2 protein chains.
Amino acid sequence: ARPRVGYFYTGKTGNQLLSDKLKKLQVKEFQSIPVVVNENVSVYDAIVTMFLEDVGTLFVVDKDSILVGVLSRKDLLRASIGKQELASIPVNIIMTRMPNITVCRNEDFIMDVAKSLIEKQIDALPIIRDTDKGFEVTGRITKTNMTKILMRLAENDII
Amino acid sequence: ARPRVGYFYTGKTGNQLLSDKLKKLQVKEFQSIPVVVNENVSVYDAIVTMFLEDVGTLFVVDKDSILVGVLSRKDLLRASIGKQELASIPVNIIMTRMPNITVCRNEDFIMDVAKSLIEKQIDALPIIRDTDKGFEVTGRITKTNMTKILMRLAENDII
């Protein structure tokens, strides 16, 4: 009897097909909204923004809205146990700055982002668009997005 | 010609099989080592421990090594912008305490942990063993573990 489910024999196993499909997932399908602060705001205000917006990573931009830095909870926590007054230090003193920022673009593969997050031990990457002046931040992709992708795979919702 | 790859017709598609396998992954296969602090240490010392051990979540235990609290980077950051002297506040003042702690056990399913992490907006769960006195912490499972599982799926390393 003919099976009611159609199989096409490609020489690949089901696992290989899954792996191939996973490797093709792109950043643009799974991103979150970025939260940015200006490079002149204080560390105190950045921490308050982080709580208000409920994110784990802030992106720092200059007056032209170009990416100049990244602030993680870890960066802010490190600053907060220092001796300085948090309300008087600007974030550009403590942020991770270009060219030490790992970025990604809409067309990049999710699996490459996952690899960067793990290898560089960071929680989020900014998604950027290239402009004449530099990188414009358009999104955010995090380990939370990766956890959600895993859940959707189990729910049969992606592949 | 006979295909060289054997298919067994189960009435399920490849996707359904993947989903079924994913849903069977258990906590014990993918956990990390837990980092614990005593409930009497100061917030300052907890922050230092977090940096030294390079983790995002600390578990707080009593004198019998029983789980009594959880400290996230967010909890510590919130405390650090307060007015108090961090070296003089014990962590049990600011920690999330029982019964508000979500725990999991070795035999629990990874997908249930993923769901808890997303729904409760937390980064890590303690893995516990039940004892007469309460919960003993045996491991830690985080969004980093989830990201690694996703990578291993793409590398065809798990399923």
Side-chain angles (χ1 to χ4, degrees), chain A residues 1-7 9-25 43-44 47-48 50-51 54 56 72-74 76-81 86-87 109-111 113-115 117-118 121 123 142-151 153-159, chain B residues 1-7 9-25 43-44 47-48 50-51 54 56 72-74 76-81 86-87 109-111 113-115 117-118 121 123 142-151 153-159:
Chain A
R2 260 193 160 164
R4 259 162 273 159
V5 178
Y7 288 123
Y9 178 60
T10 63
K12 291 182 175 182
T13 64
N15 288 356
Q16 189 57 49
L17 286 172
L18 163 75
S19 166
D20 289 352
K21 283 177 182 171
L22 269 180
K23 284 179 180 164
K24 283 179 190 150
L25 299 181
V43 172
Y44 182 89
I47 295 174
V48 171
M50 192 172 264
F51 277 103
D54 203 21
S72 66
R73 280 197 188 127
K74 206 169 159 180
L76 294 170
L77 199 54
R78 191 184 294 109
S80 73
I81 57 168
L86 296 181
F109 295 118
I110 286 290
M111 290 306 153
V113 173
K115 203 173 167 212
L117 294 173
I118 295 299
Q121 297 186 280
D123 287 328
T142 69
K143 286 178 183 165
T144 302
N145 296 111
M146 299 298 161
T147 306
K148 285 180 180 169
I149 292 172
L150 189 65
M151 282 176 69
L153 284 177
E155 296 307 326
N156 231 324
D157 191 32
I158 297 182
I159 285 177
Chain B
R2 261 196 158 160
R4 258 161 275 159
V5 178
Y7 287 122
Y9 178 61
T10 62
K12 290 183 176 182
T13 64
N15 288 356
Q16 189 57 49
L17 287 172
L18 164 75
S19 166
D20 289 353
K21 282 176 182 171
L22 269 179
K23 284 178 180 164
K24 283 178 191 152
L25 299 181
V43 172
Y44 182 87
I47 296 174
V48 172
M50 192 172 264
F51 277 104
D54 202 20
S72 66
R73 280 197 189 126
K74 205 169 159 181
L76 294 171
L77 200 53
R78 192 183 296 110
S80 73
I81 57 167
L86 296 181
F109 295 118
I110 286 290
M111 290 305 153
V113 173
K115 202 173 167 212
L117 293 174
I118 296 298
Q121 300 186 280
D123 288 328
T142 70
K143 287 179 183 165
T144 302
N145 297 111
M146 299 298 160
T147 306
K148 285 179 181 169
I149 292 171
L150 190 64
M151 282 176 69
L153 283 176
E155 296 308 325
N156 232 324
D157 191 32
I158 297 182
I159 285 178

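Bear in mind the structure is a predicted one, so any value in this text is a computation, not a measurement. Note on naming: letters A, B, ... go to the chains in the order of the sequence lines (proteins, then strands), and numbering restarts at 1 for each one.
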> By a 4.5 Å heavy-atom criterion (distance strictly below it), what part of A:Leu76 contacts chain B: side chain, backbone, both, or neither?
Replying inline: both
> Heavy-atom distance under 4.5 Å between the side chains of B:Asp123 and A:Arg73, does that happen here?
Replying inline: yes
>> How long is the straight-line distance from NZ of A:Lys115 back to OG1 of B:Thr147, given to the nearest 0.5 Å?
In response: 15.0 Å
> Taking side chain as C-beta onward, heavy atoms only, is B:Lys74 less than 4.5 Å from A:Asp54?
Replying inline: yes
> Atom CE in B:Met50, atom CZ in A:Arg78: separation rounded to 0.5 Å?
Replying inline: 12.5 Å
> Looking only at heavy atoms, what is the nearest atom pair of A:Leu77 and B:Ser80, with distance?
Replying inline: CD1-OG, 4.4 Å
> Is chain B contacted by the side chain of A:Ile47, its backbone, both, or neither, given a heavy-atom distance below 4.5 Å?
Replying inline: side chain
> If you measure from NZ on A:Lys23 to CG on B:Leu153, what distance do you get to the nearest 0.5 Å?
Replying inline: 11.5 Å
> Between CE of B:Met146 and CD1 of A:Ile149, what distance do you get to the nearest 0.5 Å?
Replying inline: 14.0 Å
> If you tally heavy-atom pairs under 4.5 Å against chain B, which of A:Ile118, A:Val43, A:Thr142 wins?
Replying inline: A:Ile118
